[in-house]
Amino acid sequence: MDKALSDGLLQSEISRRKLMQTSTVGGLALASGALSLPFSNVANATEAMPTPEEKIVWSACTVNCGSRCPLRMHVVDGEIKYVETDNTGDDVYGDKHQVKACLRGRSMRRRVYNPDRLKYPMLRVGARGEGKFKQISWEEAYDLISGNLKRIIKDYGNEAVYLNYGTGTLGGTVARSWPPANSPIARLM
């Protein structure tokens with residue numbers, strides 16, 4: 001390298017402010033380029049027509065934020081292949097604003113097929129915290145729940161049973177949630 005050029009580079013002053021501005025602009029450019037790549041594939045997927053063996057089943061998000069966003073489940077042979085948000089209307093804010101599911105809602109397939117998901121009632125057979133359970137029937141589970149509720153009410157009174165009321169997807173997706181006294185869980189209690 002030319003001595004004059006190297007001396008000039010070594011003597012040039014770069015302020016902290018200029019370094020931060022340049023780094024910020026460069027970082028934003030890199031981040032925006034990296035973020036746009038996977039989403040372009042998703043945009044193309046929503047325009048694709050389903051194959052003849054694929055059917056689209058409408059569902060609702062059950063992440064407990066309360067929105068219950070509509071989900072389009074792409075199902076082949078009874079298995080969800082992928083999930084997309086509602087893309088059938090105009091996304092114009094106003095009377096008929098189209099609600100779009102977030103990434104948590106669009107990850108519903110992972111929740112459905114998670115290997116740790118419980119699919120049937122389990123009864124603890126070991127000490128509390130030991131992690132030992134056995135599968136029981138739904139009838140056995142209902143009998144245990146009702147028997148324990150009756151025992152608690154008999155021994156301690158109605159006030160000993162706490163009814164955890166909440167809104168969100170549990171109330172709206174599973175059952176009517178308002179007014180609280182009309183929900184199935186309130187009627188059970």
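Model, not experiment: these values are computed from the prediction.
- We find the CD-CE distance between E54 and M73 to be 13.0 Å, quoted to the nearest 0.5 Å.
- The environment of OH in Y113 is crowded: more than 12 heavy-atom neighbours from other residues, nucleotides or ligands sit within 6.0 Å.
- Heavy atoms from other residues, nucleotides or ligands lying under 6.0 Å from CD of E130 number more than 12.
- Here the SG atom belonging to C69 is positioned 7.5 Å from the CG atom belonging to L71, to the nearest 0.5 angstrom.
- In this structure a side-chain-to-backbone donor-acceptor pair under 3.5 Å is present from R117 to V112.
- A donor-acceptor pair under 3.5 Å is formed between the side chain of R109 and the backbone N or O of K81.
- For the pair I80 and V83, the tightest heavy-atom approach, listed with the atom from each and the gap, is CG2-CG2, 3.8 Å.
- Looking at R124 and K132, their side chains never come closer than 4.5 Å, going by heavy atoms from C-beta outward.
- In this structure, C61 SG and M108 CE are separated by 4.0 Å, a value rounded to the nearest 0.5 Å.
- Remark: L123 engages K134, I136, L144 in a side-chain contact (heavy atoms from CB on, under 4.5 Å) (not counting sequence neighbours).
- Under the side-chain contact (heavy atoms from CB on, under 4.5 Å) criterion, K150 pairs with no residue at all, not counting sequence neighbours.
- For the pair D155 and I152, the minimum side-chain heavy-atom distance is 4.5 Å or more.
- Looking at V75 and Y82, their side chains never come closer than 4.5 Å, going by heavy atoms from C-beta outward.
- Environment of CG in D77: sparse, with no more than 12 heavy atoms of neighbouring residues, nucleotides or ligands closer than 6.0 Å.
- With rounding to the nearest 0.5 angstrom, the CG atom of D143 is 13.5 Å from the CH2 atom of W138.
- Between H74 atom NE2 and I56 atom CD1 the span is 4.0 Å, to the nearest 0.5 Å.
- Of the inter-residue distances, the one linking E140 atom CD with S137 atom OG reads 3.5 Å to the nearest 0.5 angstrom.
- Hydrophobic side-chain contacts under 4.5 Å tie L118 into a cluster, directly or through other members, with Y120, M122, F133.
- Taking 4.5 Å as the limit, every side-chain heavy atom of K100 sits out of range of all side-chain heavy atoms of D86.
- With hydrogens and angles disregarded, no donor-acceptor distance shorter than 3.5 Å links the side chain of R72 to the backbone of V57.
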